[in-house]
Structure formats: C-alpha cells, structure tokens
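Only heavy atoms go into these numbers, but all of them, side chains included; no hydrogens, no water, no symmetry mates.
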Amino acid sequence: MIINPDYATHQPTFTGCVSKTSAKLCKPQGAASVWLHTEPRSDAALVDDAGKRPGAGSTFSVYDHSARATAGQRYALAGTSGEWTAIWYLGQKAWFQNPPSSPTAVRANGPLVTPITDKVKVYGRAYPERSAYPSGVRYQEHAPLPYTLRKGQYYSLAQTLKGSYLAAGSYNPAKHVTVRGKLRYHQIQLGHRVMFVRADDVRVIS
C-alpha cells in the first residue's frame, strides 16, 4: 500500500498547534498523514514506537510521528476490516481508516522482505563487518534498534547495499577513509523512518 490521502479533504485530529504540551485540538486542516491504531476502530489506542517514546504511549501531537504514516510511504498490507486497512509497522499490525468513498491509501506493487527467523534485528546504519576495517580505523559496533521483526511480517524493500563507513576525522578530504565491506543489507520502510536489516536474516519477495 502507498499512503495517499486527499490533502484538501483529509483532516485528521491533531494537538499541539498552540504549544508542544497543549492537549487542545488544532483547527481542522488538511494533512498528508494517517493515524495508526492497534485495532480497526477510531477509539483504539495508537500504536507504540519503542524507539521514539519508550514506555510512553503515542500522542496526536503534531510533533509526534510515533503512530503516523505519510503520503508516499510504502508499506506491506497486513489485513483489512470494513473500511480499515492494516499495515506492518515497527513489528506490529497498525490500522488506519481507508474508506472506499475517500481512500487514504492505494494498492501498489513492489518487492518485500519477510523474516526467516522469529527475532530479526533492525539497524539504523548499515555498517561493514569487523574484518573490513583497515588498521587505524576504529570499528563501528553493530548496535540494533529496539525493534524485532518476526515470521509472517512483511516490509517494503527500497534497495540492497553493502555495508560502508566513512571515517572522516579530519577537515582534509585526502585523509578520509571509506570502509567498504561485504555484509549485505536491505533498506526497508519499517515505521515512519527507513531502517536496515541484514540480507541473510530475511527473504525477498518480488
């Protein structure tokens, strides 16, 4: 699915237009985002983003992207229920209202990835393996993000690349070192941001 609400007529709820901490509703206005819920109904809780708001629920604030999908973003379809559509988002099903009379998303084609194990790690950077680093360049640890992908989930694939790292400890470009490895990653649309999974951890579906 590609998120594609009609900007002029799509007017979801927002708060925080007066101040970041205000719970007062903003004036109705067009928007390119849809809110994502844990169940297919408008009074269900918003989905959580463990990386952005750990231990706290998502909000309708204009500053909070924890539970929002935006025009142009591509997600794998996870289910439908009446006029509601579910996508795979941050390791969970996320529901948004998508009525046939005024759709907020359209069907699309494109490659997907699906985990081959039940606890696939996600990364914010596609770093190369340790053996690729030359002497004098500090190894960059592969620190996973606080998300887990499981079997049966699907995510939109953007590109496949090999890990790399630019060591730029000087203002002189001649002293910069680019480390290029053999470890392959897939860049995916996981939540509101793009992230990386190791190619060996998932299967590509064309």
Checklist line | Residues which pass side-chain contact (heavy atoms from CB on, under 4.5 Å) with Val18, listed by chain and number, not counting sequence neighbours | finding: none
Note to self: Nearest 0.5 Å, please: how far is OG1 in Thr104 from CG in Asn4?
What the structure shows: 9.0 Å
Item checked: Whether Asn98 side chain and Ala105 backbone form a donor-acceptor pair below 3.5 Å -> yes
Next item on the list: Go through the steps to decide whether Leu149 and Ile188 satisfy the test side-chain contact (heavy atoms from CB on, under 4.5 Å), and finish with yes or no.
Entry: CA-CA 12 Å; Leu149 308 188; Ile188 63 172; 4.0 Å; yes
Checklist line | Within-4.5 Å side-chain heavy-atom neighbours: Val179 and Pro134 | finding: yes
Note to self: Check this for me: does any side-chain nitrogen of one of Arg41 and Asp43 sit under 4.0 Å from a carboxylate oxygen of the other?
What the structure shows: yes
Next item on the list: Sequence neighbours left out, what pairs pass ring pair (Phe, Tyr, Trp, His ring centres under 6.0 Å) with at least one residue falling in residues 118-145?
Entry: Tyr127-Tyr165, Tyr133-Tyr139, Tyr139-His142
Next item on the list: Run through the side-chain heavy atoms of Ile, Leu, Val, Met, Phe, Trp and Tyr, join any pair under 4.5 Å, and report what else lands in Trp35's cluster.
Entry: Phe14, Leu46, Phe60, Val62, Tyr63
Item checked: Pairing residues for Ala76 by the side-chain contact (heavy atoms from CB on, under 4.5 Å) criterion, not counting sequence neighbours -> Trp88, Leu112, Tyr154
Show me the donor-acceptor pairs, under 3.5 Å and distance only, between side chains in residues 167-175 and residues at least two apart or in other chains.
from: Ser170; atom 1: OG; to: Asn172; atom 2: N; distance (Å): 3.0
from: Asn172; atom 1: OD1; to: Ala174; atom 2: N; distance (Å): 3.0

Next item on the list: Keeping the roles fixed (side chain from Gln189, backbone from Gly191), state whether a donor-acceptor pair exists under 3.5 Å.
Entry: yes
Checklist line | Lys/Arg-Asp/Glu bridge criterion (N-O < 4.0 Å) met for Arg184, Asp201 | finding: no
Note to self: Tell me whether Leu183 shares a hydrophobic cluster with Met195, the cluster being built from Ile, Leu, Val, Met, Phe, Trp, Tyr side chains joined at under 4.5 Å.
What the structure shows: no
Note to self: Using the side-chain hydrogen bond (donor to acceptor under 3.5 Å, both in side chains) criterion, which residues pair with Gln11? Sequence neighbours excluded.
What the structure shows: none
Checklist line | Distance (rounded to the nearest 0.5 Å) between Gln187 CD and Thr160 OG1 | finding: 9.5 Å
Margin query: As an exercise, state the distance from OH of Tyr155 to OH of Tyr89, rounded to the nearest 0.5 Å.
Written below: 11.0 Å
Notebook entry, point to check: Do Val197 and Lys121 pass the side-chain contact (heavy atoms from CB on, under 4.5 Å) test, and can you show the C-alpha distance, the side-chain angles, and the key distance before you say yes or no?
Noted result: CA-CA 7 Å; Val197 292; Lys121 296 178 180 179; over 6 Å; no
Check: Quick one: side-chain contact (heavy atoms from CB on, under 4.5 Å) partners of Lys119, sequence neighbours excluded?
Finding: Thr148, Arg150
Check: Which pair of heavy atoms, one from Arg74 and one from Ala108, lies closest together, and at what distance?
Finding: NH1-CB, 3.5 Å
Note to self: With rounding to the nearest 0.5 angstrom, report the CG to CD distance, Leu90 to Gln153.
What the structure shows: 10.0 Å
Notebook entry, point to check: Within a strict 4.5 Å, meaning less than it, do heavy atoms of the Leu77 and Arg107 side chains meet?
Noted result: yes
Next item on the list: Evaluate the side-chain proximity of Ile116 to Val202: yes if any heavy-atom separation is below 4.5 Å, no if none is.
Entry: no
Note to self: Just checking Asp200: does its CG atom have more than 12 heavy atoms from other residues, nucleotides or ligands closer to it than 6.0 angstrom?
What the structure shows: no
Note to self: Apply side-chain contact (heavy atoms from CB on, under 4.5 Å) to residues Asp64 and Ser58 and explain how you reach the verdict.
What the structure shows: CA-CA 7 Å; Asp64 190 353; Ser58 301; 4.3 Å; yes
Notebook entry, point to check: Only one of Gln73, Gln97, Arg68, His10 clears side chain to side chain contact (heavy atoms under 4.5 Å, CB included) with Val34; which?
Noted result: His10
Check: Is any side-chain heavy atom of Leu36 closer than 4.5 Å to a side-chain heavy atom of Ile87?
Finding: yes
Check: If you look at every heavy atom in Leu161 and Ala126, which pair is closest and at what distance?
Finding: CD1-CB, 4.4 Å
Margin query: Has Asp118 got a side-chain atom pairing as donor or acceptor with Lys151's backbone, closer than 3.5 angstrom?
Written below: yes
Notebook entry, point to check: Can you list every ring pair (Phe, Tyr, Trp, His ring centres under 6.0 Å) pair that touches residues 178-199, not counting sequence neighbours?
Noted result: His65-His192
Next item on the list: Could you tell me whether Arg193 atom CZ has more than 12 heavy atoms of other residues or ligands within 6.0 Å of it?
Entry: yes
Note to self: If we count only N and O atoms by modelled type, under 3.5 Å, do the side chains of Tyr147 and Asp49 hold a donor and an acceptor together?
What the structure shows: yes
Notebook entry, point to check: Do Pro100 and Glu83 come within less than 4.5 Å of each other through their side chains, counting heavy atoms only?
Noted result: yes
Check: Minimum heavy-atom separation for Gly51 to Pro146, with atom names?
Finding: CA-CG, 3.6 Å
Next item on the list: Sort and list the pairs that fulfil side-chain hydrogen bond (donor to acceptor under 3.5 Å, both in side chains) and have at least one residue in residues 108-117, not counting sequence neighbours.
Entry: none
Margin query: To the closest 0.5 Å, what do you measure between OH (Tyr75) and CG (Leu190)?
Written below: 8.5 Å
Next item on the list: Check whether the side chains of Thr70 and Ser33 place a donor and an acceptor atom closer than 3.5 Å, and report yes or no.
Entry: yes
Check: Taking atom NZ of Lys52 and atom CG of Leu145, what is their separation to the nearest 0.5 Å?
Finding: 13.5 Å
Next item on the list: Decide yes or no on side-chain contact (heavy atoms from CB on, under 4.5 Å) for Lys182 and Glu129, but give the supporting numbers first.
Entry: CA-CA 7 Å; Lys182 297 180 180 179; Glu129 65 279 8; 3.7 Å; yes
Next item on the list: Could you list who else is in Tyr7's hydrophobic cluster, with ILVMFWY side chains joined at under 4.5 Å, directly or through other members?
Entry: none
Checklist line | Other ILVMFWY residues reachable from Trp95 by side-chain steps of under 4.5 Å | finding: Trp84
Note to self: Test of understanding: with salt bridge (Lys or Arg N to Asp or Glu O under 4.0 Å), list the residues that count as partners of Arg203, not counting sequence neighbours.
What the structure shows: none
